[in-house]
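One structure is given below, encoded as structure tokens.
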Amino acid sequence: QVHVVESGGGLVQAGGSLRLSCAASGRTFSSYVMGWFRQAPGKEREFVAAISSSASSTYYADSVKGRFTISRDNAKNTVYLQMNSLNAEDTAVYYCAARNTVVFGGARDPGTYDHWGQGTQVTVSS
């Protein structure tokens, strides 16, 4: 069983930054595609960013492109989401997810992920 645990959420003023971390268990972390998703109150869960197992490829939602950066450290079994220039529309619970595959196609689809964390709240005050 793979356990995924997010951390780093909190309250930040508009224009500020936060870095989320996601630690995943398992000796094969380096073969997982990792993704970040978010869900705001009353809205469906939406894709934010994804990174391939080798970190050679990334995807971003248009709404965060140029502001958020996803990265990973396979030696630490950790993936990060650096969030800059935050605004009120970024307020949501952020979830980290892992796919048991090196195939990167379809990484924007939450239905293709096998393991999810409990989420971490990000609140941006305007």
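Atom CZ in Arg38 sits 9.0 Å away from atom CD in Glu89 (nearest 0.5 Å). The distance from the CG atom of Asn100 to the OH atom of Tyr113 is 11.5 Å, given to the nearest 0.5 Å. Here Arg72 contributes atom CZ and Tyr32 contributes atom OH; the two are 10.0 Å apart, rounded to the nearest 0.5 Å. Atom CZ of Arg99 and atom OG1 of Thr112 lie 3.5 Å apart (nearest 0.5 Å). Separation of atoms OG1 (Thr69) and OH (Tyr80) is listed at 14.0 Å; rounding is to 0.5 Å. Atom OG of Ser63 sits about 7.0 Å away from atom CG of Asp90, to the nearest 0.5 Å.
You'll find the ring centres of Trp116 and Phe37 inside the 6.0 Å limit.
Listed for the Ser52 side chain is a donor-acceptor partner under 3.5 Å among the backbone atoms of Ser57. Using a distance-only test at 3.5 Å, with no hydrogens or angles considered, no donor-acceptor pair links the side chain of Arg108 to the main chain of Tyr60. Side-chain atoms of Thr91 come within 3.5 Å of backbone atoms of Val124 as a donor-acceptor pair (strictly under, hydrogens ignored). Judged purely by atom type and a 3.5 angstrom limit, Glu6 uses its side chain to pair as donor or acceptor with the backbone of Cys96. The backbone N or O of His3 sits less than 3.5 Å from a side-chain atom of Ser25, completing a donor-acceptor pair. In this structure, Asp109 contributes its side chain and Gly106 its backbone to no donor-acceptor pair below 3.5 Å. With hydrogens and angles ignored, the 3.5 Å screen pairs no side-chain donor or acceptor of Asn87 with any backbone N or O of Gly15.
In this structure, the side chains of Phe68 and Asn84 stay at 4.5 Å or more apart for every pair of heavy atoms.
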Begin from the C-alpha positions of Thr78 and Asp73 and carry the test side chain to side chain donor-acceptor pair (under 3.5 Å) through to its verdict. CA-CA 5 Å; Thr78 302; Asp73 185 340; over 6 Å; no
